[in-house]
Asks: 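Have a look at this one.
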Amino acid sequence: MKADQLLKNYAAGVRDFTGVNLSEANLREANLSGIILDRAILDGANLSHANLAHASLIDTDLNGADLSNANLSGSNLSGAILDGAILDGAAMEGANLNHADLTVAKLIDTNLSDADLHEASLIAANLDGADLSGADLTVADLSQANLTQADLNQTNLNGANLDGANIQGTILDENV
C-alpha cells in the first residue's frame, strides 16, 4: 500500500490497516489518531510530526523509522520493533511499550511519563533529557543506555538492567 492510499482511506473513515506494508513511506505530519497498524511494516518510514495518539501499533516493525516530534500519547506499541528508530522530542506519555525493542533508538527529550516499558529492550538507547517520570521500567534492559539528565522520578526500575548506563545528572527520587 502506498502512503497516499492509506491517507485517502483514513480520511474516508477506515481505521484498521493491520499487516499493511508501508516500508519507507512518507507520512510526515499525517493525522492518524486512533489508527490500527498492528503487525504492519513501517521500517524506514517518515512519521515525524505525525499524530498517532491512541494508535495501535502492536508488534509493528518500525526499524529505523523517523518518529521525531510525533504524538504517540496513549498509543499501544507493545512488542513493536523500534530498533534504531528516531523518537527525539516525541510525546509518548502513557504509551504501552512493554516488550518493545528500542535498541539503539534515539529518544532525546522524549516524554515517556507514565509509559509502560515493562521488559522493553533499551540497550544503548539515547534517553538524554527524556522524561521517564512515573514510567514502569520493570525488568527493562537499559544496559549501555544514555540516561544523562533523564527524569526518573517515581519510575519503577525493579529488576531493570542498568549495567554500563550513563546516569550522569539523572533526576532520581528516594523511591528509585
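Please read all numbers here as calculations on a predicted model, not as lab measurements.
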Asks: State which residues pass side-chain hydrogen bond (donor to acceptor under 3.5 Å, both in side chains) with Asn31; sequence neighbours excluded, sorted by chain then number.
Replies: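 Residues passing side-chain hydrogen bond (donor to acceptor under 3.5 Å, both in side chains) with Asn31: Asn51.
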Asks: Can you measure from OG (Ser113) to CG (Asn111) and round to the nearest 0.5 angstrom?
Replies: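 It is 3.5 Å, given to the nearest 0.5 Å.
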Asks: Looking at every heavy atom in both Ala3 and Ala25, which two are closest together, and how far apart are they?
Replies: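 In terms of heavy atoms, the two residues are closest at CB-CB, 4.1 Å.
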Asks: For Asp109, check salt bridge (charged side-chain N to carboxylate O under 4.0 Å, His left out) against everything at least two apart and list the hits.
Replies: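 Counting only residues at least two positions away or on another chain, Asp109 forms no salt bridge (charged side-chain N to carboxylate O under 4.0 Å, His left out).
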Asks: Are Ile41 and Leu57 co-members of a hydrophobic cluster defined by side-chain heavy atoms under 4.5 Å apart?
Replies: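 In one cluster: no.
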Asks: Can Leu22 be reached from Tyr10 by stepping across I, L, V, M, F, W or Y side chains whose heavy atoms are under 4.5 Å apart?
Replies: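 Linked within one cluster.
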Asks: Taking only residues two or more places apart in sequence or in another chain, which ones pass side-chain hydrogen bond (donor to acceptor under 3.5 Å, both in side chains) with Asn166?
Replies: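 Asn166 satisfies side-chain hydrogen bond (donor to acceptor under 3.5 Å, both in side chains) with Thr148 once adjacent residues are dropped.
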Asks: Ignoring hydrogens and geometry, is there a side-chain-to-backbone donor-acceptor pair from Ser133 to Asn153 under 3.5 Å?
Replies: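 Not at all, since once roles are kept as given, no pair shorter than 3.5 Å links the two residues.
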Asks: In terms of hydrophobic clusters joined by side-chain contacts under 4.5 Å, are Leu42 and Ile86 together?
Replies: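 In one cluster: no.
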Asks: Filter on salt bridge (Lys or Arg N to Asp or Glu O under 4.0 Å), then keep only pairs touching residues 124-142, sequence neighbours left out; what's left?
Replies: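 Pairs touching residues 124-142 that pass the test: none.
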Asks: So, using side-chain contact (heavy atoms from CB on, under 4.5 Å) as the criterion, who are the partners of Glu29 when residues are at least two apart?
Replies: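 Testing Glu29 for side-chain contact (heavy atoms from CB on, under 4.5 Å), a comparison that skips the adjacent residues, returns His49.
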Asks: Keeping the roles fixed (side chain from Thr170, backbone from Leu147), state whether a donor-acceptor pair exists under 3.5 Å.
Replies: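 Yes, the answer is positive, given that a donor and an acceptor are paired below the 3.5 Å cut-off.
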Asks: Output all residues satisfying side-chain hydrogen bond (donor to acceptor under 3.5 Å, both in side chains) with Ser73, sequence neighbours left out; order by chain, then residue number.
Replies: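 Counting only residues at least two positions away or on another chain, Ser73 forms a side-chain hydrogen bond (donor to acceptor under 3.5 Å, both in side chains) with Asn71, Glu93.
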Asks: With sequence neighbours left out, what residues match Asn158 under side-chain hydrogen bond (donor to acceptor under 3.5 Å, both in side chains)?
Replies: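 Asn158 satisfies side-chain hydrogen bond (donor to acceptor under 3.5 Å, both in side chains) with Asn156 only.
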Asks: Are Ile167 and Leu152 connected into the same hydrophobic cluster when the rule is that any two of I, L, V, M, F, W, Y join if their side-chain heavy atoms are below 4.5 Å apart?
Replies: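 Cluster IDs for Leu152 and Ile167 match.
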Asks: Can you tell me which residue pairs pass the side chain to side chain donor-acceptor pair (under 3.5 Å) test with a partner in residues 54-65, sequence neighbours excluded?
Replies: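 Every side chain to side chain donor-acceptor pair (under 3.5 Å) pair that includes a residue of residues 54-65, provided the two are not neighbours, is Asp38-Ser56.
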Asks: Tell me every residue that passes side-chain contact (heavy atoms from CB on, under 4.5 Å) with Ala140, counting only those two or more places apart in sequence or in another chain.
Replies: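 Per chain and number, Ala140 pairs via side-chain contact (heavy atoms from CB on, under 4.5 Å) with Leu137.
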Asks: Does any non-hydrogen side-chain atom of Met92 lie less than 4.5 Å from one of Leu77?
Replies: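 Yes; the side chains approach each other to less than 4.5 Å.
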Asks: Could you go through residues 117-124 and list every donor-acceptor pair under 3.5 Å that involves a side-chain atom there, pairing it with any protein atom two or more places apart or in another chain?
Replies:
{"unit_1": "Glu119", "atom_1": "OE1", "unit_2": "His99", "atom_2": "NE2", "d": "3.2"}
{"unit_1": "Ser121", "atom_1": "OG", "unit_2": "Thr103", "atom_2": "OG1", "d": "3.1"}

Asks: Just checking Leu162: does its CG atom have more than 12 heavy atoms from other residues, nucleotides or ligands closer to it than 6.0 angstrom?
Replies: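 Result for CG/Leu162: enclosed.
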Asks: State yes or no: do Ile35 and Ile81 share one hydrophobic cluster built from I, L, V, M, F, W and Y residues joined by side-chain heavy-atom distances below 4.5 Å, directly or via other members?
Replies: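 No: no chain of side-chain contacts under 4.5 Å links Ile35 to Ile81.
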Asks: Could you tell me which non-hydrogen atom of Ala53 sits nearest to which non-hydrogen atom of Ser33, and how far apart they are?
Replies: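 Looking at all heavy atoms of both residues, the closest pair is O-OG, 3.3 Å.
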Asks: Mind checking the CG-CG spacing from Leu97 to Leu107? Nearest 0.5 Å is all I need.
Replies: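 It is 8.5 Å, given to the nearest 0.5 Å.
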Asks: Can you tell me which residue among Thr110, Leu142, Ile108 is in a side chain to side chain contact (heavy atoms under 4.5 Å, CB included) with Leu127?
Replies: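 Only one of Thr110, Leu142, Ile108 forms a side chain to side chain contact (heavy atoms under 4.5 Å, CB included) with Leu127, namely Leu142.
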Asks: Sequence neighbours left out, what passes side-chain contact (heavy atoms from CB on, under 4.5 Å) with Asp4? Give chain and number order.
Replies: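 For Asp4, the residues satisfying side-chain contact (heavy atoms from CB on, under 4.5 Å) (neighbours in sequence not counted) are Lys2.
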Asks: Please examine the side chains of Leu7 and Leu27, heavy atoms only from C-beta on, and report whether any two atoms are closer than 4.5 Å.
Replies: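 Yes - at least one pair of side-chain heavy atoms lies under 4.5 Å apart.
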Asks: List in chain and number order the residues that pass side-chain contact (heavy atoms from CB on, under 4.5 Å) with Asn46, two or more places apart in sequence or in another chain; answer none if no residue qualifies.
Replies: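 side-chain contact (heavy atoms from CB on, under 4.5 Å) check on Asn46 returns Asn26, Arg28, Ser48, Asp66.
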Asks: If you measure from CD1 on Ile58 to CG on Asn98, what distance do you get to the nearest 0.5 Å?
Replies: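 Reported value, rounded in 0.5 Å steps: 9.0 Å.
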Asks: As an exercise, state the distance from CG of Asp43 to CG of Leu82, rounded to the nearest 0.5 Å.
Replies: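 CG of Leu82 is found 11.5 Å from CG of Asp43.
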Asks: Indicate yes or no: at least one non-hydrogen side-chain atom of Asn9 is less than 4.5 angstrom from one of Phe17.
Replies: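 Side chain of Asn9 against side chain of Phe17, heavy atoms only: contact under 4.5 Å found.
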Asks: Distance from Ile36 atom CD1 to Thr18 atom OG1, nearest 0.5 Å?
Replies: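 Going from CD1 on Ile36 over to OG1 on Thr18, the span is 6.0 Å.
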